[in-house]
Trainee: 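Take a look at this one; I'll ask things after.
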Amino acid sequence: MTRIFDPIALLGRSTIAFITVLGELGLFTAAALAGLFRPPYYPRNIGRAFADIGFFSLPVVAMTAIFTGMVLALQTYTGFARFDAQSAIASVVVLSLTRELGPVLAGLMVAGRVGSAMAAEIGTMRVTDQIDALTTLATDPIRYLVTPRLLAGIIALPLLVLIADVLGVAGGTLVATLRFGFNATDYLRQTLQHLHSIDVVSGLIKSAVFGFVIALMGCFFGYRSRGGAQGVGAATTSAVVAASILILGLDYVLTQAFFTV
Amino acid sequence: MTQSSTKISIQGLSKSFGSKKVLDGLNLDIATGTSTVVIGGSGTGKSVLLKCILGLIEPDSGRILIDGEDVLTAAPERARALRDQIGMLFQNGALFDSESVWENVTFGLLARNRITRADARARAITVLAQVGLTEQVADLSPAELSGGMQKRVALARAIAADPAILFFDEPTTGLDPIMGAVIDGLIVDCVKRLGSTSIAITHDMASAARIGDNIAMLFNGKIIWQGPPTAVMSSGNEFVDQFTHGRREGPIQMALRR
C-alpha cells in the first residue's frame, strides 16, 4: 500500500509506461510506413478511408471555414478600427486562414470526426478478434488497416484545407462587403496582393502532417484496445486527445520552421 | 502414436502474463486426421494455446511442431507457410463488418492470390452451400445475419482454402442447443470431408463428445488427462470428474484457492 503512494516509484512506473508506449508507437509507425513501399496495396481500403476523411468531412470543415472567415473579418474590422487599420482586413483574414486557422481547425474537426471513428472501428475489430482473424487469413493487419488510412490522411486533409481556405476567404468577403461596405473586387484584390505562395504551401504541408497524425493516433490507440466496450471508448478518447494536442504542438514547430526570420 | 503420424506436437509450451502462468510446460500431440477437443474451465489458457500455435501470441518457451518443423524457430516465410495450413473458426465468428458474406468467405483465398476476384463469389457460394447457406446470403453484410448464420459463415471462411488443419474456438458458444448441435454436425462433416486434423476448445461437454476423437483436459497450464470421449465421464481423474459433472466443489476449486 505504501508503494502506491511512493512518489518516486510512481514517477518511475509512469516514465517506464510512457517510454513503452513511445516505443510501441515507433514500431507501429515504422510497420505502417513500410507498407507504403511494398505490396500488397489495398486500393479499396485507401478509397474508403479517403472518402471518410475527405468527402464525408467536407460539410463540417466547410461550415467551420465559412464561419471562421466571417468571425475573423468581424473581429479584425472592429479591432483594427481602433488603429484606423480597417483596410488590412483582407490580408489578415487570408493570412490567418491559409497559414494557421485553415489547417488547425480542419485538423481538429477531422480529428474529432474521423480520428475517433478510426479508433472505434479498429478497436472494435481488436476486441472482437477480427484483427487476429486477418492474421490467420494471410493478411498483415497493419498494412491492411493502418497504411491505407495514413495514406488517405496525408492526401485528403490538404485537399480539405485548400477548400477550407477558399470558403474561409469567401466568408470573410461576405462580411466585409455586406456588413462593412467594402467593394468586393477591391477586397479580393487586397486578399491576393499580400498572399505569397509560402502562405498556402506551408498550410498544405501542415495539413498533410496533421492528416498523418490524426490517422496514426486513431489507428494506434484503436489497435492496442483491450477489454471490450470500455477499452474501445478509452481508445477513442485517447486518439482524439492525442491527435488534438499533437496538432497544436506540431503547428508551433512547423510555423517556427517555415516562418522564422 | 508414432512421430510420423503426428501432425502437431506441442512440447513444453509455457506462457505467462505478468506473474500469472497460463501455460506451464504443456505437452500435447495431435495425430494426423484426428479431432482433439481441449476442455477446461474459463481462463485456463485454452485460447492462449491456439493463439500460440497460430503465432498470435509468442510463448515464453517450448516447441510447436507442425509436420515435424518447429514454427517458433523456422524462418518467417517457412513458419508462415506452415501456419497457412490452418483454418480458424473464432469464438464469435470475427467476421469483417466492412465486407460482404462472400468476401468474408474468400478473404484468405484472395489474400493468398489463390483465386481471382471474378471467381471468388462463385467459390464462396459453393462453400456456403457446404455449411447449409444459400446464395441469397452471399451479398448480405454479416450484421444482417443471425448468430447461427454468422457462425456458419465463419466456418465457411475457415474451410474455404481446404486447410489441412482446423481450429475451432468455442464453436457453440452463444448458440441454442439445437443450433449448437447443427454447428457441431457441420464441423464433423467438414473435418471428415477435408481429411483435416483439428483442435477444438470448449467447455461444452455435449459438443466435445460430438466432435472429438480425443479429449484432453487443460488445468494449471498442463494437460492433466487425455482419452476418448467415451471415457471422459468416468475418467477416474478427480479434476476431470468435477469439470465434466459440473460440481461446484471439488479439487479444482481447492487448487484455485491455494
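Reminder, nothing fancy here: chain letters follow the sequence lines and each chain counts from 1.
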Trainee: Can a salt bridge be assigned to the pair A:D129 and B:K51 using a cut-off of 4.0 Å between side-chain N and carboxylate O?
Mentor: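 Yes, charged N to carboxylate O under 4.0 Å.
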Trainee: Grab the two heavy atoms, one from B:F96 and one from A:M125, that are nearest each other, plus how far apart they are.
Mentor: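 Nearest pair, atom of B:F96 first, then A:M125: CD2-CE, 4.3 Å.
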Trainee: Measure the shortest side-chain to side-chain distance between A:T136 and B:L56 over non-hydrogen atoms and say whether it is less than 4.5 angstrom.
Mentor: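 Yes, their side chains come closer than 4.5 Å.
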Trainee: At a heavy-atom separation under 4.5 Å, does B:D84 approach chain A through its side chain, its backbone, both, or neither?
Mentor: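 Side chain of B:D84 only, per the 4.5 Å heavy-atom cut-off to chain A.
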Trainee: Closest approach of A:R48 and B:S98, non-hydrogen atoms and distance?
Mentor: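 For A:R48 versus B:S98, the nearest heavy atoms are NH2-O, 3.3 Å.
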Trainee: Taking atom CZ of A:F67 as the centre, report whether more than 12 heavy atoms of other residues, nucleotides or ligands fall under 6.0 Å from it.
Mentor: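 12 or below, so no.
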Trainee: Going by heavy atoms in the side chains, are A:L134 and B:F107 under 4.5 Å from each other?
Mentor: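 They are in side-chain contact.
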Trainee: Are the side chains of B:D97 and A:Q130 in contact, using a 4.5 Å heavy-atom criterion?
Mentor: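 Yes, side chains in contact.
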Trainee: For A:E24, does the CD atom have more than 12 heavy-atom neighbours from other residues, nucleotides or ligands under 6.0 Å away?
Mentor: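 Counting other residues, nucleotides and ligands, CD of A:E24 exceeds 12 neighbours.
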Trainee: Measuring heavy-atom distances to chain B, does A:I131 have an atom under 4.5 Å in its side chain, in its backbone, in both, or in neither?
Mentor: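 For A:I131, neither part sits under 4.5 Å from chain B.
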Trainee: First locate atom CG of B:N104, then atom CG of A:L137, and finally report the distance between them rounded to the nearest 0.5 Å.
Mentor: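 Nearest 0.5 Å value for the CG-CG distance: 9.0 Å.
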Trainee: So which part of B:L95 gets closer than 4.5 Å to some heavy atom of chain A, the side chain, the backbone, both or neither?
Mentor: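 Looking at B:L95, just its backbone touches chain A.
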Trainee: What is the minimum heavy-atom distance between A:T139 and B:A111, and which atoms define it?
Mentor: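 Heavy atoms only, the tightest pair is OG1-CB, 3.4 Å.
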Trainee: Is the count of non-hydrogen atoms from other residues, nucleotides or ligands lying under 6.0 Å from B:F17 atom CZ greater than 12?
Mentor: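 It does: B:F17 CZ has more than 12 such atoms within range.
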Trainee: Under a 4.5 Å cutoff for heavy-atom pairs, which residue among B:G108, B:G55, B:A94 has the most contacts with chain A?
Mentor: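 Result: the option with the highest number of such pairs is B:A94.
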Trainee: Look at atom CZ of A:R38 and say whether more than 12 heavy atoms of other residues, nucleotides or ligands are closer to it than 6.0 Å.
Mentor: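 Counting neighbours around CZ of A:R38, 12 or fewer heavy atoms of other residues, nucleotides or ligands fall under 6.0 Å, so no.
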